[in-house]
Each structure stands twice: as structure tokens, then as C-alpha cells.
Amino acid sequence: MRIFETHAHYDDEWFDEDRDELINKMCANGISPIVNIGCSMENSRHIIEMIKTYDFIYGTVGVHPSDIRNLTETDMEELKQMSVDDKILAIGEIGLDYHYDDVDKEKQKYWFIRQLYVAKDVDLPVVIHSRDAAKDTLDIIKSEHANATGGVIHCFSYGKELAREYLNMGYYIGVGGVVTFKNANKLKEVVEYSPLESIVLETDSPYLAPEPFRGKRNCSLYLTHIAEQIAKIKQVPVEKVYDTTYKNAEMLYRI
Ligand code: NI
């Protein structure tokens, strides 16, 4: 069994105590590769170091919508330079987050579009974060023809209609711990509706731990709980979920 972890944040301080030990446990348990996702300039730089330390860890660089306040054009140049590394697989996570009201929406849109251009310039797919911003995210991806780069809608939180739009553009749907929650009917419907060939597994560790670990620190070992839930919804053996999502992730990240 091998499992492809498409989205985690092992640079998070929540892992400071036992990072090394935990990461080595992943590989021993068949969880490899792991893609560590960028969300600020600072942590993107950190990821460049991380991918040198662990051979089965890959990375992405990019700035999350909640961290865009002080971005500059110099930062965009730096993102481009960092993305030259062979182990940097995508630009992200980038997008829109209207859940909290603390970052100006127009500014979010500006830097989302700007980073989509970085992805086009360096010919890498994108990892999209979109929360409570369904319409604006879709409008921008369509108007900027971001389907050309390809990518994943990480932690997909919208309904079937939106899933259909993204699937039609060739995007992957990132499914994580939320699918195991009792109240996650909307996501379960999306999983039922989407072809298994369009789904990738992710944890978003240390956040969003699946049942029965909900609320605790998440880690990629729990991907088995997510895969089992998907297998149940799609009525296929769990091995098929591991296998298909692994191939999907290779396609998504082009490795
Ligand atoms: Ni994330």
C-alpha cells in the first residue's frame, strides 16, 4: 500500500516537538510522497529547506489569501525563483477566503490573479484555497483561463454544481478529514458525484483531523480514515482508492 499525501503543513509550529520522528514514521507506513504546502513568503522559504532534508517531501510555494496584506512585486519574483527547484510542484495555496472579514476582498482578488500569472509564467499547476467565496473564485479561474495550468481545489467545500464546473475544467477535487464528519452531507454528495479519477487525498495537517480524531492535531497517518470513507461512499475496495488517488496526484503534480 502506498498513499500520496497531496496537502500538509509540516512546517507548522504544532509539529515542533516531534517533527522528525513523525515524518519518518510516515514513510515507514507507506505515506509517500508528501507535498508540503506554502502559505506565506516566509514559510515558502522554509519549505525550500525542508525539501532538501527529506527526499520524499515535495513542496509548493505561494501565499494564502489571509497572508497577502504586505505582498510586493519583489515577492512575486522570489516565488518564481523558488519554483525553479525540481521539487517545487505547484503554486499555492492561493485563492480567496471571505470567511473572516479581515482582509480586503479586492486585495485578495488582486494577489490571487497575480499568483495565477506566476503559475502560468513558470508552467506549474495551482493549489486553490477557496472558502465562502464560490462565485468570485470560479469567475476568476474562468476569466483568467486558469484551467490551462490545471490544479486542485483543496479542501473542497462547495456543492455538486460547483464540483461539476471544476471537473469540466480538468481540476482535481481535494478531499480531507471533513468527509468523515457526521454533518458533511454536501461533501459526501460531491464525492459520490465526482469520478474517483478526479479525487486526490489530503489531510491539511495539522488542521481538520478526521473522525475519530476530530479537533486533535492531524497528521498524514490518518489518510487511511479519509480513504476508507471515500471507499464506503463510492462502494469500492479501499485499495482502489489508494491506487487511483495516487495516480491522480501524480497527474496533478506532474511527477
Ligand atoms: Ni492548507
Side-chain angles (χ1 to χ4, degrees), residues 3-16 19 22-23 26 31 33-48 50-51 57-68 71 79 82-83 87-100 102-103 108 111-112 115-116 119 124-134 137 141 151-158 166 171-181 184 187 199-210 213-223 225-226 245 248-249 252-253:
I3 307 179
F4 199 128
E5 162 70 284
T6 64
H7 193 121
H9 302 275
Y10 282 106
D11 55 299
D12 192 281
E13 59 185 21
W14 211 345
F15 294 113
D16 281 354
R19 180 173 296 108
L22 194 65
I23 287 177
M26 301 301 155
I31 305 194
I34 292 173
V35 181
N36 203 84
I37 304 290
C39 31
S40 67
M41 288 307 296
E42 196 193 340
N43 107 303
S44 294
R45 290 176 198 123
H46 188 167
I47 288 169
I48 296 291
M50 246 180 123
I51 58 181
I57 294 197
Y58 292 76
T60 71
V61 293
V63 182
H64 186 283
S66 61
D67 239 300
I68 48 105
L71 279 181
L79 281 184
M82 288 193 282
S83 72
K87 291 186 79 184
I88 293 298
L89 305 179
I91 300 297
E93 51 188 290
I94 59 174
L96 302 173
D97 194 325
Y98 296 167
H99 187 71
Y100 302 105
D102 55 345
V103 187
Q108 288 193 38
W111 288 108
F112 177 30
Q115 291 184 91
L116 285 174
L124 284 178
V126 287
V127 177
I128 305 275
H129 171 103
S130 176
R131 191 177 187 198
D132 296 345
T137 308
I141 288 183
V152 57
I153 311 298
H154 133 72
C155 194
F156 195 85
S157 58
Y158 303 126
Y166 287 111
Y171 269 79
Y172 289 89
I173 305 280
V175 178
V178 175
V179 77
T180 67
F181 297 174
L187 180 59
I199 292 174
V200 292
L201 298 180
E202 61 171 46
T203 58
D204 208 16
S205 294
Y207 312 105
L208 292 172
F213 308 104
R214 191 171 181 178
K216 304 218 171 77
R217 185 181 78 170
N218 199 1
C219 80
S220 308
L221 293 173
Y222 303 161
L223 281 168
H225 296 264
I226 296 162
T245 56
N248 300 343
L252 159 65
Y253 286 129

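In this text, all values refer to a predicted model and were calculated from it rather than measured experimentally. First listed ligand is number 1; within each ligand, the first listed atom is number 1. Below, each value reflects all heavy atoms present in this structure, side chains not excepted, and no hydrogens, waters or symmetry copies.
Between Ser83 and the options Ile48, Leu89, Leu124, a side-chain contact (heavy atoms from CB on, under 4.5 Å) holds for only Leu124.
The aromatic ring centroids of Tyr253 and Tyr58 lie 6.0 Å or more from each other.
Ring geometry, Phe213 versus Tyr222: the interplanar angle falls under 30°, so the pair is classed parallel (tilted spans 30 to 60°). Ring orientation note: the planes of His154 and His7 are close to parallel, at an angle under 30° on the 30°/60° scale.
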Legend entry - Check against side chain to side chain contact (heavy atoms under 4.5 Å, CB included), Cys155 and Arg131: CA-CA 9 Å; Cys155 194; Arg131 191 177 187 198; over 6 Å; no
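A donor atom on one side chain and an acceptor atom on the other are not found under 3.5 Å apart for Tyr158 and Thr137.
Around the Ni ion (ligand 1), the protein N, O or S atoms found under 2.8 Å comprise His7 NE2, His9 NE2, Glu93 OE2, Asp204 OD1.
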